[in-house]
Amino acid sequence: MPSFASADTSDKWPQDVGIVAIEVYFPAAYVDQTELETFDGVSAGKYTIGLGQGKMGFCTDREDINSLCLTVVQNLIERNQISYEDIGRLEVGTETIIDKSKSVKTNLMQLFEDSGNFNVEGIDTTNACYGGTQALFNALAWVESSAWDGRYAVVVAGDIAVYATGNARPTGGAGAIAMLVGPNAPLIVERGVRYSHMQHAYDFYKPDMSSEYPTVDGKLSIQCYLSALDKCYQGYCKKAKTALLRESEVDRFSLDLFDAVCFHSPYCKLVQKSLGRLALNDFIQDPSPDTSDAGKYSGLQGFKDLKLDETFFDRDVEKAFMTHSKALFETKTKPALLIANQVGNMYTPSLYGGLASILSTYTLDNIPGRRIGMFSYGSGFASTLFSLKVCDDGSPGSPLWKLMVSLQDLQERLDSRKCVEPSVFAEAMKLREDTHHLSKYTPVGSVDDLFPGTWYLTYVDDMYRREYTRKPTSALPSPITTTAPINNVESLQENSIPQKKHLEPATPMEQSQQTTSSTS
């Protein structure tokens, strides 16, 4: 592929900027939450029903934030056959800090050395679980600006979420997601509608630089999350009414106009409560809600005069609107919880793990034109609600087709992980705690069970410089399958299905020069 470093984009405005490709990485080992309940001596269902968690991925001392991001970025590049020369911006969002000065992004630049491309803008962004979203916004702004030179941006969100022994430990997880950002994208970030709410709070923070563990005010954290959700949804609805519904007969925005809704997922039960919270917002904002026996809000007439700020911990309200929104949850949000349930809270990648999950459940005959709501939250706190519009063109070989095919193996990859005993998990957590910031340290965790293509830590020298190597990729599965991700496979021409080769998206400049009618 040619380099576009000197391309003149001054007279062009890139169209349909958004997410072109997605790569997901999670650790190869997990602990079963049912077994963890028994090991921890808590009541059956506390983690699996109370939190809604099934499995929790974790890292040994062989993996850190640098290795996670090295793995996911190189997999993105290789599985999509992109040249490193075609990357002009690289943004990292993480709250997993192993160096107070040197960024994760600069560590990732070692991947670019053979290409000779060192002209790559971007740096790390940190604010709890929100950093990945701000990194995405930074990349989008670059592509849509006069500074854009015609190349792709890559956004990386990665974290290792670990907690001290106790009630919070089962809400951990680990992983990384890399996204390719450019014009003519299959997932278009809708302009003019996103709404952010930022506020000061000490709900979750990490003041102890010697430890991976956070300081958490659990009750305040939930209140901040739900309050931010209220503010962002209300603000989004006001902007969407103007920007999205000018030519529609619908006079206000509601959940009905989202085909799917993804949330930052600290734990799955909170996500279900959050969708109910949006339904409560719709109910309160409806000037004449139909509460008749056959009406949309049947049985909810007693809640009309509620004040949202007084309902964060009202169990009656929570139960009523979770019940009311159950069908919506099953269709619009539950499919987005695959990774959250099976891997846990990945912090910054959490929201985008939800996006990958929900895309893996759709097929090409029912996803074009869909609108996906995205709620991002990071403690402290920062939050945004924005939306993606899926392009209309899902034909064989199209960017949407390639994106969908690349996520077909997600469940298979989850199933291929190794389940370990809770005692082994506890030992791994203790090892991380004891060796978190040691110098002259050689990790002792096994590399045998790591996925092919995984980068891992080999040594930390006496100056705290970290050395990594990559597990051979001979067994790395191709993202391409021999069948297309649609129900009616027979409708495709046989020669339109790629046979065991990598994805080959056009470069951003090539895309921006094409005329397309595939977007809404």
Side-chain angles (χ1 to χ4, degrees), residues 24-37 39-40 42 45-60 63-65 68 71-72 94-96 128-129 132 157-177 204 212-214 216 218 221-222 225 262-274 333-358 360 376-379 410-411 413-422 424-426 428-429 432-433 449 451:
V24 182
Y25 175 75
F26 38 77
Y30 72 89
V31 62
D32 185 272
Q33 294 276 18
T34 300
E35 295 179 4
L36 193 60
E37 289 171 343
F39 180 79
D40 288 347
V42 301
K46 182 172 182 178
Y47 303 158
T48 53
I49 299 175
L51 297 176
Q53 298 303 116
K55 301 172 183 178
M56 179 168 53
F58 68 94
C59 299
T60 69
E63 293 186 275
D64 61 17
I65 185 57
L68 293 185
T71 298
V72 77
T94 184
E95 64 170 278
T96 305
C129 303
D159 274 305
I160 298 173
V162 289
Y163 295 85
T165 302
N167 292 335
R169 174 156 282 186
T171 63
I177 286 181
F204 170 111
E212 289 189 288
Y213 301 144
V216 184
S221 184
I222 293 173
Y225 181 102
C262 299
F263 297 84
H264 168 58
S265 180
Y267 53 93
C268 293
K269 185 63 74 172
L270 180 59
V271 171
Q272 185 174 4
K273 293 177 181 179
S274 297
T333 297
K334 188 176 180 179
L337 294 178
L338 173 62
I339 292 178
N341 176 266
Q342 296 293 292
V343 178
N345 182 9
M346 299 190 296
Y347 284 171
T348 55
S350 171
L351 175 63
Y352 304 97
L355 176 61
S357 296
I358 208 161
S360 73
S376 182
Y377 177 83
S379 292
L410 186 55
Q411 184 64 64
R413 289 167 57 199
L414 287 166
D415 293 342
S416 70
R417 294 174 300 161
K418 179 180 179 180
C419 180
V420 304
E421 296 293 326
V424 176
F425 163 71
M429 293 299 98
R432 289 191 65 89
E433 181 178 327
D449 296 322
F451 287 127

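Start at 1 with the first residue, then count along the sequence. All values below come from the heavy atoms of this structure, side chains included, with hydrogens, waters and symmetry mates left out.
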Asks: I need the minimum non-hydrogen distance between L337 and S265, along with the two atoms involved.
Replies: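 That closest heavy-atom pairing would be CD2-OG, 4.1 Å.
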Asks: Got a donor-acceptor contact below 3.5 angstrom from the T48 side chain to the T34 backbone?
Replies: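 A pair under 3.5 Å: no.
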Asks: Could you tell me whether the side chain of Q53 and the main chain of K269 form a donor-acceptor pair under 3.5 Å?
Replies: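 Here the side-chain-to-backbone pair does not exist.
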Asks: Can you confirm whether the side chains of Y213 and E433 place a donor and an acceptor under 3.5 Å from each other?
Replies: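 On atom types as modelled, these side chains qualify, holding a pair under 3.5 Å.
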Asks: Identify the two heavy atoms, one from V31 and one from P422, that lie closest to each other, and give their separation to 0.1 Å.
Replies: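 Result for this residue pair: CG2-CA, 3.9 Å.
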Asks: So do the side chains of F425 and E35 get within less than 4.5 Å of each other, counting heavy atoms only?
Replies: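 No - every pair of side-chain heavy atoms lies 4.5 Å or more apart.
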Asks: What do you reckon, is NZ of K55 surrounded by more than 12 foreign heavy atoms closer than 6.0 Å?
Replies: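 Yes, the 6.0 Å shell around NZ holds more than 12 heavy atoms from other groups.
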Asks: Residues in side-chain contact (heavy atoms from CB on, under 4.5 Å) with C262, at least two apart?
Replies: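 For C262, the residues satisfying side-chain contact (heavy atoms from CB on, under 4.5 Å) (neighbours in sequence not counted) are A336, L351, I358, I372, M374.
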Asks: Say whether, by atom type as modelled, one donor and one acceptor occur between the side chain of S274 and the main chain of L270 under 3.5 angstrom.
Replies: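 The answer is yes, because a donor-acceptor pair under 3.5 Å joins these two groups.
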Asks: Counting N and O atoms only, with roles assigned by atom type, does the side chain of S350 sit under 3.5 Å from a partner on the main chain of N345, one being a donor and the other an acceptor?
Replies: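 No; judged by distance alone, with no hydrogens or angles, the pair does not exist.
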Asks: Identify the two heavy atoms, one from I160 and one from E63, that lie closest to each other, and give their separation to 0.1 Å.
Replies: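 Between these two residues, the closest heavy atoms are CD1-O, 3.9 Å.
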Asks: Taking the side chain as every heavy atom from C-beta outward, state whether M346 and I339 have any pair of such atoms under 4.5 Å apart.
Replies: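 Yes, side chains in contact.
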Asks: Indicate whether any N or O donor in one side chain lies under 3.5 Å from an N or O acceptor in the other, for T348 and D159.
Replies: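 Yes, D159 and T348 have a side-chain donor paired with an acceptor closer than 3.5 Å.
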Asks: Determine yes or no for a side-chain-to-main-chain donor-acceptor pair under 3.5 angstrom, with E37 supplying the side chain and G45 the backbone.
Replies: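 Judged by distance alone, yes, a pair lies under 3.5 Å.
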Asks: Is any side-chain heavy atom of Y267 closer than 4.5 Å to one of P170?
Replies: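 No. Closest side-chain heavy atoms not under 4.5 Å.
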Asks: Distance-only, no hydrogens or angles: does the R169 side chain make a donor-acceptor pair with backbone N or O of V162 under 3.5 Å?
Replies: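 Here the side-chain-to-backbone pair does not exist.
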Asks: Considering all heavy atoms of both residues, which atom of P349 and which atom of A157 are nearest to each other, and what is their separation?
Replies: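 Smallest interatomic distance, heavy atoms only, reads CG-O, 3.2 Å.
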Asks: Less than 4.5 Å apart, side chain to side chain, heavy atoms only: is that true for D40 and Y47?
Replies: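 Sidechains of Y47 and D40: in contact.
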Asks: In terms of relative ring orientation, are Y225 and H264 parallel, tilted or perpendicular, with 30° and 60° separating the classes?
Replies: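 The arrangement is tilted - the two ring planes meet at 30° to 60°.
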Asks: Is there a side-chain contact between Q33 and L51, using heavy atoms and a 4.5 Å cut-off?
Replies: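 When only atoms from C-beta onward are counted, L51 and Q33 do not touch, as no gap falls below 4.5 Å.
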Asks: Side chains of V343 and L414: closer than 4.5 Å at any heavy-atom pair?
Replies: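 With C-beta onward as the side chain, the pair touches.
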Asks: Test your reading of the model: is there a side-chain donor-acceptor pair from S416 to the backbone of R413, 3.5 Å cut-off?
Replies: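 Checked: pair present.
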Asks: With rounding to the nearest 0.5 Å, note down the distance linking SG in C59 to CE in M429.
Replies: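 Output value for this atom pair is 7.5 Å.
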Asks: Check whether any side-chain heavy atom of N167 lies under 4.5 Å from a side-chain heavy atom of K46, and answer yes or no.
Replies: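 N167 vs K46: side chains touch.
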Asks: Quick one: closest heavy-atom pair of F58 and P27, and the distance?
Replies: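 Heavy atoms of F58 and P27 come nearest at O-CB, 3.2 Å.
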Asks: Going by the side chain to side chain contact (heavy atoms under 4.5 Å, CB included) test, name the single residue among L355, V24, L68 that passes it with I177.
Replies: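 Single pass found, and it is V24.
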Asks: Calculate, to the nearest 0.5 Å, the distance between atoms OG and OH belonging to S379 and Y347 respectively.
Replies: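 Between atom OG of S379 and atom OH of Y347 there are 8.5 Å.
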Asks: Would Q411 and S360 count as a side chain to side chain contact (heavy atoms under 4.5 Å, CB included) here? Give the steps.
Replies: CA-CA 8 Å; Q411 184 64 64; S360 73; over 6 Å; no
Asks: Taking the side chain as every heavy atom from C-beta outward, state whether F26 and F451 have any atom pair closer than 4.5 Å.
Replies: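 They are in side-chain contact.
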